[in-house]
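Lettering follows sequence order; numbering is per chain, from 1. Only this structure's heavy atoms are used, side chains among them; waters, hydrogens and symmetry mates stay out.
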Protein chains: 2
Amino acid sequence: MKSLSENDIEYICDLQAPCFQALPAEALELIRASKTQVLFRKGDNLTKQGTFASYVLFIVSGLAIQYVEGDTNKSFNLAIIRPGEFIGMFSLFSNKTFKYSSLALTDCHVFLVEKEAITKIMNENGTFGLSLFRRYSSQTENLFDTLGNALFKQMNGRFADTLLYIDSFKEEYPDIFQLLSRKDIADFAGISTESAVKLLKSLEREGCIQLNTKDILITDYEKLRGISKVG
Amino acid sequence: MKSLSENDIEYICDLQAPCFQALPAEALELIRASKTQVLFRKGDNLTKQGTFASYVLFIVSGLAIQYVEGDTNKSFNLAIIRPGEFIGMFSLFSNKTFKYSSLALTDCHVFLVEKEAITKIMNENGTFGLSLFRRYSSQTENLFDTLGNALFKQMNGRFADTLLYIDSFKEEYPDIFQLLSRKDIADFAGISTESAVKLLKSLEREGCIQLNTKDILITDYEKLRGISKVG
DNA sequence: CTCAAAAATTGAACTTGCTCAATTTTTTTA
DNA sequence: TAAAAAAATTGAGCAAGTTCAATTTTTGAG
């Protein structure tokens, strides 16, 4: 992680997220004034679960992975974060620490917005608050689905979900699987690395997928969706 | 579930939640105008996961249990809801259906507020939105803890958490355990009913708790907290 | 390009917690 | 209050998925 040069700052200062579009000029300036631009290198932690959270991160470019950590060096991957998305919104209120960690899968241009700046604008501008609330909500909904999957599905179904989820990034990011280790994939499904490997091989034998070193090519979506349902 | 008489309505029309306190008179009126008062009988569903959600529920009196449902008649209990709390806020935006079910543990006086009324006020009144956002946030934080527990802890720890959680209602609602079956308790910990029974007996043998038919008395909080940590 | 480290792979043994079935206790209904 | 239904209890066997250890493959550094 390093601070950005002037060039970088000009590049990323373009506030395109829909909730910023609705802002009156003075509020936009407030965000501009309070934000800090940072470049996180591949492998850097953007947020670390449990650390003090005084800001929210807005991803301008790059991909990051969001995950919760358990005690014994176990973790569970929640989502892959794309440009235009926020990290840390769940820590905007009441609780002072990040509820999850996040890690740069590629170099990430990010800016940090102070929580106070956001809540101040929300207080003054209902439309802004509503827009942010909508974003926040859709993240929470994903959390419900994640919880439901973790609780009620077993290995095969969760793993099929995981492959379909990661595959959904492939159009925009063709090398997405190259960025993920077997452990990363396993942690999306909440299973052990060894189990993930065994499932991959088994799905390949059944003709659902093709494995080329790190890349995974889904060859039978219907079958995989079927496994996801039944699982 | 039945509609309320005039008397009931007068009784429950007292909008005491902090986020309502901050409302200007006209917005309060808007909520008053749009809401419907309902009495849910013990055992009634206040919300049913997957059904269309055009309103948010505000609990005036009574206790309810919030849970997510899986496919094969499995469910997982998220929380016990007290008077002054909302149900269905997670469905306020984007998604059209309730993400969880809820069930009246006792008779519940509830009023229903149309989503449109809420979003309209949020749009006009940033302070109201901020206040609602804070509530919503604290629910989401609980969701993270729930997810973490479900993913990383095993039976013993989750079950200790469950007992401590339910016990935290005992001061205000001394008969809280009488309202819950073994299956209800098991579903808070995400384990089978049989496992819950076995754990209860085992905790009793170890001197952590006393069992009197349905009531459970925690006799060694420290030990239970220890199990919660290790688990 | 070569070597060392990290990641992926595989199978066997093991653990956790579930399911099933039988029995007892409690609650509800007539 | 008695009978029926529902809930709680118990133990045995079972299944899902983990852990461990050994091996192979891939990646990264110099």
Undergrad: B:Gln66: which residues meet the side chain to side chain donor-acceptor pair (under 3.5 Å) condition with it, sequence neighbours left out?
TA: B:Tyr100
Undergrad: Just to be sure I understand the geometry, which residues of residues 147-165 of chain B put a non-hydrogen atom under 4.0 Å away from DNA chain C?
TA: B:Gln154, B:Met155
Undergrad: Separation of B:Leu211 atom CG from D:dA8 atom C1', in whole Å?
TA: 11 Å
Undergrad: Going by the rule salt bridge (charged side-chain N to carboxylate O under 4.0 Å, His left out), which residues pair with A:Arg182 if we only count those two or more places apart in sequence or in a different chain?
TA: none
Undergrad: Between A:Gln49 (side chain only) and A:Glu69 (backbone N and O only), is there a donor and an acceptor less than 3.5 Å apart?
TA: yes
Undergrad: Is it true that a side-chain atom of B:Asn45 and a backbone atom of B:Ser102 form a donor plus acceptor pair closer than 3.5 Å?
TA: yes
Undergrad: Measure CG/B:Asp184 against P/D:dA6 and give the value in whole Å, please.
TA: 16 Å
Undergrad: Find the bend of the helix from C:dC1-D:dG30 to C:dA30-D:dT1 as the angle between its two terminal axes (five pairs each), to the nearest 10°.
TA: 60°
Undergrad: Can you measure A:Leu180 atom CG to C:dA8 atom C1' for me and round it to whole angstrom units?
TA: 15 Å
Undergrad: Enumerate donor-acceptor pairs with a distance under 3.5 Å from any side-chain N or O in residues 75-85 of chain A to protein atoms, sequence neighbours excluded.
TA:
from	atom 1	to	atom 2	distance (Å)
A:Ser75	OG	A:Asp187	OD2	3.4
A:Asn77	ND2	A:Asp184	O	2.8
A:Arg82	NH1	A:Glu172	OE1	2.5
A:Glu85	OE1	A:Arg82	N	3.0

Undergrad: Would A:Asp107 and A:Lys42 pass as an ion pair if we require N to O under 4.0 Å?
TA: no
Undergrad: Does the side chain of A:Tyr136 pick up a donor-acceptor pair with the side chain of B:Ser137 at under 3.5 Å?
TA: yes
Undergrad: Going by ring pair (Phe, Tyr, Trp, His ring centres under 6.0 Å), A:Phe111 matches just one of A:Phe40, A:Phe58, A:Phe86, A:Tyr55. Which one?
TA: A:Phe58
Undergrad: Roughly, in whole Å, what's the span from CZ in A:Arg182 to C1' in C:dA8?
TA: 7 Å
Undergrad: Between A:Thr106 and A:Gly62 (side chain of the first, backbone of the second, donor and acceptor by atom type, cut-off under 3.5 Å), is there such a pair?
TA: no
Undergrad: What does the list of N/O pairs under 3.5 Å between the protein and nucleotides 1-5 of chain C look like, with a distance for each?
TA:
none

Undergrad: Looking at C:dT9, I'd like to know if its phosphate oxygens (OP1 or OP2) sit under 4.0 Å from a side-chain N or O belonging to A:Lys183.
TA: no
Undergrad: From CG of B:Leu179 over to C1' of C:dT27, roughly how many Å is that when rounded to an integer?
TA: 15 Å
Undergrad: Suppose we screen for salt bridge (charged side-chain N to carboxylate O under 4.0 Å, His left out). Which residues come up paired with B:Asp175, at least two apart in sequence or across chains?
TA: none
Undergrad: Under the 3.5 angstrom rule, does the side chain of B:Lys153 hit a backbone N or O of B:Ser228 as a donor-acceptor pair?
TA: yes
Undergrad: Kindly write out the residues that satisfy salt bridge (charged side-chain N to carboxylate O under 4.0 Å, His left out) with A:Lys214, not counting sequence neighbours, or none if the list is empty.
TA: none
Undergrad: Any ring-ring contact (aromatic ring centres under 6.0 Å, His included) pairs touching residues 171-191 of chain A, not counting sequence neighbours?
TA: A:Tyr165-A:Phe188
Undergrad: For DNA chain D, which residues of residues 188-208 of chain B approach it to below 4.0 angstrom with any heavy atom?
TA: B:Glu194, B:Val197, B:Lys198, B:Lys201
Undergrad: Just the rounded figure in Å: distance from P of D:dA8 to CD of B:Gln178.
TA: 12 Å
Undergrad: What string of B, S and - do you get for nucleotides 22-30 of chain D, 5' to 3', if B is base contact, S is sugar-phosphate-only contact and - is no contact with any protein heavy atom under 4.0 Å?
TA: ----S----
Undergrad: Show me, pair by pair, the donor-acceptor contacts under 3.5 angstrom made by side chains of residues 215-227 of chain B, not counting sequence neighbours?
TA:
from	atom 1	to	atom 2	distance (Å)
B:Asp215	OD1	B:Lys170	NZ	3.3
B:Thr219	OG1	B:Gly207	O	2.9
B:Thr219	OG1	B:Cys208	O	2.9
B:Thr219	OG1	B:Ile209	N	3.4
B:Asp220	OD1	B:Glu222	N	3.3
B:Asp220	OD1	B:Lys223	N	3.0
B:Tyr221	OH	B:Asp167	OD1	3.4
B:Tyr221	OH	B:Asp167	OD2	2.7
B:Glu222	OE2	B:Arg225	NH1	2.7
B:Lys223	NZ	B:Glu206	O	3.1

Undergrad: Could you state the CG-C1' distance from A:Asn212 to C:dA8, rounded to the nearest angstrom?
TA: 15 Å
Undergrad: Please check if the side chain of B:Glu204 supplies one atom and the backbone of B:Leu211 the other of a donor-acceptor pair under 3.5 Å.
TA: yes
Undergrad: Within the distance-only criterion (no hydrogens, no angle test), does the side chain of A:Ser202 pair as donor or acceptor with the backbone N or O of A:Lys198 below 3.5 angstrom?
TA: no
